[in-house]
Each structure stands twice: as C-alpha cells, then as structure tokens.
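Keep in mind that this is a model prediction, so the values were computed, not measured. Sequence lines set the chain letters: A, B, ... in the order given, protein chains first and strands last, and positions in each chain run from 1.
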Amino acid sequence: MVGVHKYSLLLFLLLLSANALSQTDKIYEILTEPYTRRPLVLHKGQLQMNAGYRYSMASKEFDRNGKRLNFEEKGKTFFSNDFRFSFTYGIIEYIQLSAVLDYISSVTTTPDLVLGNAGNIGNISVLDETSGINDLEINLSFRLPPVINHFDLSVKAGLSAPTGKARPDRPTHSINPPDPLDGSFETAYHYHSNPGYGTPTYFLGSNLQYSTSRFALLIMGCYNTGTGQTESIKWNHRLNAGEFLYSEVVYNHLVGHSGSISGSGAIQIFPWFSVYGQFGYFISSGGWTEITGTKIAIPESTIGIITAGYEIQVSTHIRFEQNVNIPVSGKEHLVDLMFHSGFSYNLIPLKRLYY
Amino acid sequence: MKNFHLYLVFILFIPFLIFSCGNYEDAIDPYTTGEWKTFTTRDGIGGAEIWTMLSDSKGNLWIGTLDNGVSQYNGKDWIIWNTSDGLIDNGVLAIEEDVNGDLWFGTFNGFSIFNGSEFQNYLGTDGNTWQVRALKQAKNGSMWIGTWGYGFFEITSDYLYTYYNDNWEESNYINCMSEDNHGNLWVGTDVGAYKVSFNDVDFYSDQNGLMDATVKAVLCDSWGHIWFGHDDDEFLTRFDGSKFFPVSLYNGIDQNYITSFMEDKSGNIWIGMISNGVAKYDGTIMRSFFEADGLASNTIMSVVQDKNGNIWFGSYENGITRYIPTMND
C-alpha cells in the first residue's frame, strides 16, 4: 500500500509540474502572439502600455484642387514632434478599455517680405509654435465572438476629453528697430498655440480582420464628431511706442466631422518579425469659424496616406514598431511625411488566465 | 450566414458615416473669401458721385451720393431715395443711424431723418441753412451734427447745444466726428481737432501733437486710440491717450489725402484716400490696395463693414467694391 501511495504522489507531482509548464507556455504564447494572429482586442486581464514618438515634417501642401504647392517658394517650413502614451486593458476576453494621451510640439514658420518705398522695407516673419498635452482619448472596444473562421470583427466607441489647453497663449511679437518710420525694419510675429479642440468629441469605429498564420488583411473605419459650437480666443496686436500691446478677442467656432477608412496587409515573416503596409483615406469637413467676425466654413480637407512598417518581438513582454507615413493625395492638407517609432509593453497576470 | 450579414452591415456602415461628412450650414464658402466685386450704377446705385456710406443695424448698406440722394442695398435689391421721395437734398454728405433705428442724412442744405417710409427735413437754426458734413450717434443717446461754417451741435431729447468758436472762424468748419471709449467726442476741422468731454472742450493742432492741422477723418478705435487723417501729408496721427504718434502709410508717397477710416471686426484699421487707394493697418504695418487689386478706383471716399463681415469701399465715380475678408486678414 505504501508503494501505491508513493507512486500516486509521484504521478501527482508530475501532472502538477506538467500543468504548470503548460500554463507558462500559454502565457508566453499570448504575450508573443504574432502580429497576424493577434485578436482585435486584448485578452482578459492583459495590460498593454505603449510609448511612441512621431516626427513629422512638411515642405509642401495640397491646395483645394489637390495640387502640391511647394513651401520653399514661400519660405514656409513645418515640423512636429508627437509623443504618444497609451494604456490598454482587457476587461474581459471580448472587451478592452484604452486611454491615449499625446504631447505635441510643432513649429510652423512663414517669412513674408513686405516692400514699401525704397529705403523703407519691412521684413515680417511668422512663427507659430504649438506645444502641450492634447485631448485625452478614452475608448471601449468590443470584439464580436468569432463565428466565421479566420475573421475577426470589433467595434469601438469613445470620446476625446478636452484636457488640451486649446486656447492660444499671449503672443510675443518683436520688432527692430522698435519704432520704425524710415529705413528698414524686421518684425517677428510669434504665436503660441495649444493642442486640443476645447470641446469633447465622440468617435465610433469598426475593424474587420481576415488572418491566417502567415498573413492578415485588415479594414478599419472611424467617424469622429464634435458636440457643438464652442468658444476660443484670438489675439489682436498693436504696436505702440516700440512695444506690442495685445487684446484678447473671443470668437465661436464649430469642430466639424471627420472620418477615415483604411486597409492594410501584414505578413508574418518570422514568428518575431512582421511587416505591414496600409493605405488610409481621411476626410474632415463641416466645421466653421467666426475668427474674422463672420462665419466662414472650414474648407473640406482630405488626405490619402500610404504606410509601411514593421514590428519586432524584442522580448517576451516587449514589442518594437516603426513605420513611415507618406501622403500621396489630398486637398487642403499638409503633405507631411511622418516617421513613427514605438514600444509596447505587455503584462498578463498568471492566475487569471482565461484558458 | 446571418452573422456574416451582421459583419457586412458593420463594414458598410463606416464608409456611410465617413462620406456623410459635409454641410457648411449657413457659413460662408471659404473659397469666396478674398474676392473683390464692384457694383456701379449699372447694378442699381442711384448716383455716380459717391461720398459716404453706412451699414445699418438691419443689414442694409446705404450709399450717399452727391448727385442723386441715397441708395439702399439689402443684399439683393437697390432702392433709390432722393428729393422726389422727400429727401431734403440730393447731395448727401453724411449718414448715421440713431438709437431708434432711423437714418439721418446730412446734405448740402440741411438734414433729413428717415423712418423707413417718410422724411422729416430740417434746414438749420437761426435762419441758417446747414451744410451737414458729419453726424455721430453718441452712446448716451445724443446725436451730434457737424456743419460747414456753423460749428457743431448736440441734439438730445430736450435740448439743442451749440458749439461755435467765436474767436476762430476756421475751426467751425467740421469735417468729421467720432466718439471714444470714454464718451468723449472728437471733431475734426481744417485747423485741428476738438475733444469734447462732459465738462470741457480741448483743442489740438499741429502745434501740440498732430502731424498736420487739417483733420479730414477721425476714428476712435477699440484700443482707445484716436486716429487723425490729414491732407497732403506723409503720415497719419495716432493718439494713445497720452501721446501723439506719427504713423507712416509706408506707400512711398509724400502727399496723402485721407478721406475715411474704418476698424473692422478683426481689429484692422482701413484708411481711404484720394488717388492712393486704401491702406490696411494690421497693428504693425501698412499694406496698400489699389485698383489693380480689385478696387473700383484709387479714390476711396468711404469704407464700412456690414453685418456679414463684408468690407465695402465707396469710390468717388466708379461705384463701390465689396471685399470678403479671409481667415488670414
């Protein structure tokens, strides 16, 4: 009988260790899920933290007819740094909650030479700086239970809370000499804008994915709209005795609607390395502004972007991604080339494994 | 199969939402901003010699001419009002709207008050016939009348106050009037400017600050600064409440004849001139606009902005031009 108990105990220990090992395998598999086999939402209890950096620069813009206008002819420049942080949590197996926050720093410069009479030339430049925290985006994504093999569908809804300052700060213009009447002078208009809409916006989106072990196709769509007109301010200036005076003027504006639709394809070249390409179309319209005292519609803006990128599973918990976004068509939009790099850190609790 | 249909609905729903973007509501088409459009007698303006304009609180544009009374434009139709309708004289030099919404027309021979259907006419006082060149509705309810040679007058509900300088005849020829943020009235003459406050009257000339003694146009802007436009000068004068400053027009021209000022909703100061088009002061610099840019002519007698934000330039003999400001103006 003692021998039977000894073998039972040994068998039990073997089964226990086998079970423990198999659970570790499953955690590893979840954390290192290849790009093409990942479900559209996180697993239950999975926490993902993302940190990314995006650099944009533009030397052209699309005009109302879609023609590219070269900034160099006007001497205009634009560049932007965007730091993005997000947290995503899998509430249950088919629902995840996300929070996204950006810190933006961008600069647009525009020189403008104004000619007076000979000997009295004004040289004016405009520097528009935007820096600060953008609006906080919170969204809930629902993954529909997969009923068709290889297909995955999710919808998301969310809002953008106006955590960005939105309203511009007082400008800091300068002029040299301080009070020019004769001769040449240089004036620099220096504006300080802040990110944000100043009002909540809502969005609704949907993703549909078809995937196999080696590749995946994804269609994504999203619609965003404001909640009504809101107030902002502009700064008027007046040169007086060599110094600029400023007055704040309130005006109304309406954040319009925007939408996007994109399609992408990804290939899992190695279990730890995948590449993807995407084409996206973005449109925004319906807004207006009373910044001049008259209600003027904001021109409709569109942009078509091609994205190419890759993802590397650096370690069990960490993924690294890079991509480049190239505008290929558009109207009333910057032709801004964007480079993105980002890290994703994934945590999943051991004990609340879903299977 | 049923579930597949559900998937299809979601796929199709998103593009529908995206492409339902649009709709400018009642906002101006942004691609019409920055445009210049001229209206002449062929479009319906009653007279060719335009002297003054006013945009009233109801959205009408009133154009005073020297040869055929006033023309009223409501955005669609032109209506002409002249002596045959009861206007006291067809030479209209000044237009103002009072607190009741009635229009006052200053002419070569007296002035008329128009309530929309009838004219009440007044020649002047003491047997004199006033040539009324300036009218100003003050915030306290008084109407100020500037005459050519008889000084200026304040009309309240009860009294008529006379401002006449017995010691300086030339200072009684009134060109223009404007009220500042403190309720003071500034009156321009060919020899300087009066400042009329509640209990005092001051006088300023080229001896104590003005770049030139002739004050053909005056404006009190939203900053509390007073602008003076002169004849035959390179500069304007701006008074900030304590000091006078010369302001260059930066147009390379030594002789500028200022006819009018207007501050638009964006805070820009527009300056109308004889033969030199208009200048726009944005707070730092002046930029000039001429016939080549879209004005009806380079002689601009009056500049006004209507309720819709359009800026109107009245030229002396070539009609009026409408400019729709852009978001960058």
Just checking, is any N or O donor in the side chain of Trp36(B) or Asp293(B) under 3.5 Å from an acceptor N or O on the other one? no
Kindly determine whether Glu300(A) and Lys331(A) satisfy salt bridge (Lys or Arg N to Asp or Glu O under 4.0 Å), including the steps that lead there. CA-CA 8 Å; Glu300(A) 183 179 282; Lys331(A) 291 182 183 177; over 6 Å; no
Check against side chain to side chain contact (heavy atoms under 4.5 Å, CB included), Phe239(B) and Phe228(B): CA-CA 8 Å; Phe239(B) 180 62; Phe228(B) 303 92; 4.0 Å; yes
Closest-packed option against chain A by number of heavy-atom pairs under 4.5 Å, given Ser266(B), Gly309(B), Ser222(B): Ser266(B)
Sequence neighbours excluded, the answer for side chain to side chain donor-acceptor pair (under 3.5 Å) partners of Tyr323(B) is Asp329(B)
Let me know if Thr284(B) has heavy atoms under 4.5 Å from chain A in its side chain, its backbone, both or neither. both
Could you check which of His225(B), Lys243(B), Met286(B) has the highest count of heavy-atom pairs closer than 4.5 Å to chain A? His225(B)
Side chains of residues 242-255 of chain A: which donor-acceptor partners sit under 3.5 Å, not counting sequence neighbours?
| unit_1 | atom_1 | unit_2 | atom_2 | d |
| --- | --- | --- | --- | --- |
| Tyr246(A) | OH | His173(A) | N | 2.8 |

Contact winner vs chain A - Ile324(B), Thr326(B), Asp221(B), Asn310(B), heavy-atom pairs under 4.5 Å: Asp221(B)
So which residue, Thr187(A), Asn207(A), Asn236(A), Thr225(A), ends up with the most heavy-atom pairs under 4.5 Å with chain B? Asn236(A)
